[in-house]
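Heads up: the structure comes next, in structure tokens.
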Amino acid sequence: MPINVVFFGSPEFAVPAINALARDPRFNVLLAVTQPDRPAGRGKQLRPPAVKLAAAELGIPVWQPESLRFPEAVAFLKDHPADLYVVSAYGEIFRREVLELPAHGVLNIHPSLLPHYRGSAPVQAAILNGESETGVSIIQMVRKLDSGPILAQSTMPLSDTETAGSLSERLAGLSGRMIPDVAADWVAGTIHARPQTEDLATYTRELTKAEGRIDWRQPAEEIERRTRAMSPWPGTWTMIDGKRLKVLELDISRKHLLPPGTITRSGTVILVGTGTSPIRLLRVQPEGRREVSAEEWYRGARLGPEARFENPADDGG
């Protein structure tokens, strides 16, 4: 008999996992639980979660509760008895009565090598901190955030050009390759979970747009990593003359020494001072306009010789 599964997930990251389970004859995915459609884009049109679209293609029924905290949500889940729940980036900590519903508990897919980088932004944190590797952990979910016992882990090297978008995509693929065998072996009783070492636990917090602001007083290496870690969201940005400029792409220059935030041109190269080596701007997007090369922006901006980007402390930000 196939293992009856209810899958919980919302963003693109969760799609490889639901696809893998739905296409594996060892499983019967009874239901996909995902977040409600949310307004998105400039027109604020309702946009369905990626898991909803994937489930529709797979012929899996979809349920989109506002929260699992309410009694009616628990009652609905009781009406869909399952052997196992599998969770990937669903966006809500489960109450104890939900955790106790499936016969074999709840498995959670987390994109870090737990106990490192618990919380909502592990992919970005790995890039920001210059890690050489990260990975996927599959744990048994408990009430405490990302702290349940580990069933399986797989590591993945990080390149020095990795963005949060590209790394998330690779980790999502890895999770899809891992979850069918781990889930089947867990139900069969052939996997023995090991507790996490609490002394080694580190945490991440939910990202905000403010996290993308560049502080030019930081070392160039940290600014470069931040640009990659915040791509595609929330993106990195800076302020000049009271207007926001998105910084889409940059690299580190070993030439010159400039005060932090100072902007200068060397031939066709646009340089910005940092706390160490200058940064070479490559692509930017002025507020309310299309993205352009840094050189095109610089020509159009007509900056004076003393031009510089504002640091957060300059304007109280």
Side-chain angles (χ1 to χ4, degrees), residues 6-23 29-70 72-73 76-77 80 86-94 109 111 119-124 127 163-173 175-176 204-213 226-239 242-249 283-292 297 317:
V6 172
F7 185 87
F8 297 75
S10 294
E12 194 67 38
F13 178 85
V15 170
I18 191 174
N19 282 341
L21 291 169
R23 292 167 180 164
V29 182
L30 301 171
L31 181 69
V33 185
T34 188
Q35 295 290 326
D37 297 2
R38 305 291 189 195
R42 290 188 176 183
K44 298 300 181 184
Q45 298 293 314
L46 288 179
R47 181 177 297 174
V51 164
K52 179 180 181 179
L53 300 178
E57 290 184 7
L58 295 164
I60 298 170
V62 173
W63 180 47
Q64 294 178 273
E66 283 291 341
S67 173
L68 302 177
R69 297 191 303 269
F70 303 119
E72 55 267 31
F76 185 90
L77 289 171
H80 295 76
V86 174
V87 182
S88 179
Y90 177 64
E92 184 175 333
I93 296 177
F94 287 16
I109 297 168
S120 60
V123 174
Q124 293 84 355
I127 296 172
T163 67
S166 65
L167 181 56
S168 292
E169 186 175 347
R170 293 205 297 134
L171 291 170
S175 75
T204 66
R205 64 178 185 270
E206 188 173 356
L207 293 177
T208 67
K209 289 184 179 180
E211 301 281 348
R213 184 167 188 180
R226 181 166 297 274
T227 303
R228 293 187 287 110
M230 300 297 154
S231 174
W233 195 92
T236 43
W237 55 277
T238 188
M239 297 293 294
K243 294 184 179 180
R244 182 176 297 205
L245 181 76
K246 291 183 181 179
V247 178
L248 304 176
E249 186 179 359
R283 290 189 306 118
V284 299
Q285 185 175 5
E287 191 172 316
R289 295 169 56 191
R290 64 180 177 86
E291 68 176 70
V292 294
W297 165 77

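Every heavy atom of this structure was used, including side-chain atoms; hydrogens, water molecules and symmetry mates were not. Along the sequence shown, the residues carry numbers beginning at 1. Owing to the predicted nature of the structure, the values given are computational and were not obtained by experimental measurement.
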Check the surroundings of atom [atom1] in [X]: do more than 12 heavy atoms from other residues, nucleotides or ligands lie under 6.0 Å from it?
{"X": "E57", "atom1": "CD", "result": "no"}
{"X": "Q285", "atom1": "CD", "result": "yes"}
{"X": "R38", "atom1": "CZ", "result": "yes"}

Find the distance between [atom1] ([X]) and [atom2] ([Y]) and round it off to the nearest 0.5 Å.
{"X": "I127", "Y": "S231", "atom1": "CD1", "atom2": "OG", "result": "8.5 Å"}
{"X": "F76", "Y": "L31", "atom1": "CZ", "atom2": "CG", "result": "5.5 Å"}
{"X": "L207", "Y": "Q124", "atom1": "CG", "atom2": "CD", "result": "4.5 Å"}
{"X": "K243", "Y": "R289", "atom1": "NZ", "atom2": "CZ", "result": "8.5 Å"}
{"X": "T163", "Y": "E169", "atom1": "OG1", "atom2": "CD", "result": "9.0 Å"}

Short side-chain to backbone donor-acceptor contact, [X] and [Y], under 3.5 Å:
{"X": "W63", "Y": "A73", "result": "no"}
{"X": "T34", "Y": "Q64", "result": "no"}
{"X": "Q35", "Y": "Y90", "result": "yes"}

Using the test side-chain contact (heavy atoms from CB on, under 4.5 Å), find all partners of T236 that sit at least two apart in sequence or belong to another chain.
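With sequence neighbours excluded, T236 shows a side-chain contact (heavy atoms from CB on, under 4.5 Å) to I214, R226, T227, M230, V247, given in chain and number order.
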Which pair of heavy atoms, one from [X] and one from [Y], lies closest together, and at what distance?
{"X": "P286", "Y": "V292", "answer": "CD-CG2, 4.3 Å"}
{"X": "P122", "Y": "S120", "answer": "CD-C, 3.3 Å"}
{"X": "S175", "Y": "I109", "answer": "CB-CG2, 3.6 Å"}
{"X": "S10", "Y": "P49", "answer": "O-CB, 3.5 Å"}
{"X": "A229", "Y": "A164", "answer": "O-CB, 3.2 Å"}
{"X": "F7", "Y": "A14", "answer": "CZ-O, 3.5 Å"}

Just wondering, do [Y] and [X] contact through their side chains at under 4.5 Å, heavy atoms?
{"X": "V87", "Y": "F94", "result": "yes"}
{"X": "F13", "Y": "P111", "result": "yes"}
{"X": "L58", "Y": "V29", "result": "no"}
{"X": "T208", "Y": "P234", "result": "no"}

Looking at K52, Q45, R47, which hits side chain to side chain donor-acceptor pair (under 3.5 Å) with D37?
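Only one of K52, Q45, R47 forms a side chain to side chain donor-acceptor pair (under 3.5 Å) with D37, namely K52.
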Under the salt bridge (Lys or Arg N to Asp or Glu O under 4.0 Å) rule, collect the residues that match up with K246, sequence neighbours excluded.
none
Could you list the residues that satisfy salt bridge (Lys or Arg N to Asp or Glu O under 4.0 Å) with E211, not counting sequence neighbours?
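So E211 forms a salt bridge (Lys or Arg N to Asp or Glu O under 4.0 Å) with R205.
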side-chain contact (heavy atoms from CB on, under 4.5 Å) between F8 and L68: does it pass, once the steps are laid out?
CA-CA 11 Å; F8 297 75; L68 302 177; 3.9 Å; yes
Lys/Arg N to Asp/Glu carboxylate O, E291 vs R283, below 4.0 Å:
yes
